[in-house]
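What follows is a set of notes on a single structure, which appears directly below.
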Protein chains: 2
Amino acid sequence: MTQPTICPKFEKAISLLSQRWMALVIYQLLLGTQRFSEIQSSIGISGKVLSDRLKELEHLDIVKREVIPQTPVLIEYSLTEKGHSMEPILRTIENWSQDWVNPESKVSAD
Amino acid sequence: MTQPTICPKFEKAISLLSQRWMALVIYQLLLGTQRFSEIQSSIGISGKVLSDRLKELEHLDIVKREVIPQTPVLIEYSLTEKGHSMEPILRTIENWSQDWVNPESKVSAD
DNA sequence: TAAACTTAGTTACGTAAAGTAATCAATTTA
DNA sequence: TAAATTGATTACTTTACGTAACTAAGTTTA
């Protein structure tokens, strides 16, 4: 028994990044400030889930939400300092994928 | 429109790591060869999902499965070269989590 | 011989998360 | 007044996950 007990901070980071679309939303915002519909069309996420994810990212101080009172109202999303601090994670995954991922075969087992 | 189109290899890596428990299973195997029940108790995953994840990881050549014909039969799981090549990803997440994650607050929004 | 134990894995069933599409609210334009 | 636009929500369906009981094969115990 005596399982090594995984670090709670690490476990929390993993549970964040394991949520579907989470990493892609952050990755997309690394390109700069974007609006709701831009993120939506660039990664193909549904409005419902994007709304959920952005709320959680805002809550975690990873994403900043700014209302631009124009015609019609615009809402701009951008990364906070904490959000930008995640760039190495995304880059490491990006680099690994270039070396090791075969885009042909399926991810799921047959 | 003309969305930037995310790299398929990157997208596939993300969809792999976005599956629940996937990263933790690999992280656990970075410690060395382990048996089914060891992985299960160390990260608290159900037998059903662990079975699914190990099958997929084996299919993707990230995990190697070895049958030890003993009494009762033992099955050892270990990382392949491709599996070990993912270590930097896990370490980067680990490092980030130490600097930025507050283990007190919830991951999900209230 | 038969019951009980061990390890790896599966099956059935219930719950939770995600996808789809229609709709809403606010504002401007035709 | 009606249409269009942007961000967001609601109702409903589908998929993923969790729980717990169970199977299979061999071994020890009674």
Side-chain angles (χ1 to χ4, degrees), chain A residues 1 3 6 11-12 14-26 28-29 32-60 63-78 106-110, chain B residues 1 3 6 11-12 14-26 28-29 32-60 63-78 106-110:
Chain A
M1 302 313 125
Q3 52 244 39
I6 291 177
E11 215 168 349
K12 222 176 130 181
I14 289 291
S15 83
L16 172 69
L17 290 167
S18 291
Q19 281 181 88
R20 202 164 186 182
W21 302 111
M22 206 50 114
L24 282 182
V25 169
I26 297 166
Q28 206 44 39
L29 288 175
T33 296
Q34 295 193 34
R35 285 179 299 149
F36 191 92
S37 55
E38 288 180 301
I39 302 173
Q40 200 175 5
S41 64
S42 62
I43 64 178
I45 187 178
S46 75
K48 176 195 158 197
V49 180
L50 180 55
S51 179
D52 288 349
R53 292 297 179 270
L54 287 171
K55 261 182 222 157
E56 181 168 350
L57 289 170
E58 202 189 342
H59 179 77
L60 291 171
V63 160
K64 187 175 58 191
R65 181 180 189 272
E66 271 185 298
V67 179
I68 315 287
Q70 278 188 2
T71 163
V73 67
L74 291 193
I75 313 237
E76 290 190 338
Y77 293 94
S78 56
K106 286 178 56 200
V107 164
S108 301
D110 304 328
Chain B
M1 303 312 128
Q3 52 244 40
I6 291 176
E11 216 168 349
K12 222 176 130 180
I14 289 292
S15 82
L16 171 70
L17 290 167
S18 291
Q19 283 180 88
R20 200 163 188 183
W21 302 111
M22 205 51 114
L24 283 182
V25 169
I26 297 166
Q28 210 36 45
L29 288 175
T33 296
Q34 295 192 35
R35 285 179 299 149
F36 191 92
S37 55
E38 288 179 302
I39 303 173
Q40 199 175 5
S41 63
S42 63
I43 64 178
I45 186 178
S46 74
K48 177 195 157 195
V49 179
L50 179 54
S51 177
D52 287 349
R53 292 296 179 269
L54 287 172
K55 261 181 222 157
E56 180 168 349
L57 289 171
E58 203 189 341
H59 179 77
L60 291 171
V63 161
K64 187 175 59 191
R65 181 182 188 273
E66 270 185 299
V67 179
I68 315 288
Q70 277 188 3
T71 163
V73 67
L74 292 191
I75 313 238
E76 290 189 338
Y77 293 94
S78 56
K106 288 177 53 199
V107 164
S108 302
D110 306 325

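Fair warning: this is a prediction, and the values are worked out from it, not measured in the lab. Scope of the values below: all heavy atoms of this structure, side chains included, with no hydrogens, waters or symmetry mates. Note on naming: letters A, B, ... go to the chains in the order of the sequence lines (proteins, then strands), and numbering restarts at 1 for each one.
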d(A:Phe36 CZ, A:Ile45 CD1) to nearest 0.5 Å is 8.0 Å
Quiz item: Are the side chain of A:Arg20 and the backbone N or O of A:Val49 linked by a donor-acceptor pair below 3.5 Å?
Solution: no
pair B:Glu66-B:Leu74: side-chain heavy atoms closer than 4.5 Å | no
Review point. Donor-acceptor pair, B:Ser51 side chain versus B:Gly47 backbone, under 3.5 Å?
Key: no
Atom pairs, N/O to N/O, protein against nucleotides 13-16 of chain D, distance under 3.5 Å?
none

Checklist line | Residue pair A:Arg53 / A:Val63, side-chain heavy-atom distance below 4.5 Å | finding: no
* Find out whether A:Gln19 and A:Glu56 are in side-chain contact, i.e. whether some heavy atom of one side chain is under 4.5 Å from a heavy atom of the other. => yes
Taken to the nearest whole Å, CH2/A:Trp21 to P/C:dA17 is 18 Å
Closest of D:dC17, C:dA18, C:dT20 to the A:Val49 side chain is C:dA18
Output field dot_bracket for DNA chain C (Watson-Crick or G-U, both distances under 3.5 Å, | for other-strand pairs) contains ||||||||||||||||||||||||||||||
With sequence neighbours left out, the residues meeting side chain to side chain contact (heavy atoms under 4.5 Å, CB included) with B:Glu38 are B:Gln34, B:Arg35
To the nearest angstrom, the CG-C1' distance between B:Leu24 and D:dC17 comes to 15 Å
A:Gln40 atom CD is separated from C:dA21 atom P, nearest whole Å, by 13 Å
Value for CE (A:Met22) from OG (B:Ser18), rounded to nearest 0.5 Å, stands at 10.0 Å
A:Gln34 CD to D:dG7 P, in whole Å, measures 11 Å
Going 5' to 3' through nucleotides 4-10 of chain C and flagging B where a protein heavy-atom sits under 4.0 Å of the base, S where only the sugar-phosphate is that close, and - otherwise, we get --BSSSB
query: How about A:Leu54 and A:Val25: do any of their side-chain heavy atoms sit closer than 4.5 Å?
result: yes
The reported gap from CD in A:Gln28 to CG in A:Leu50 (rounded to nearest 0.5 angstrom) is 10.5 Å
Applying side chain to side chain contact (heavy atoms under 4.5 Å, CB included) to B:Arg65 and not counting sequence neighbours gives B:Glu58, B:Val67, B:Ile75, B:Tyr77
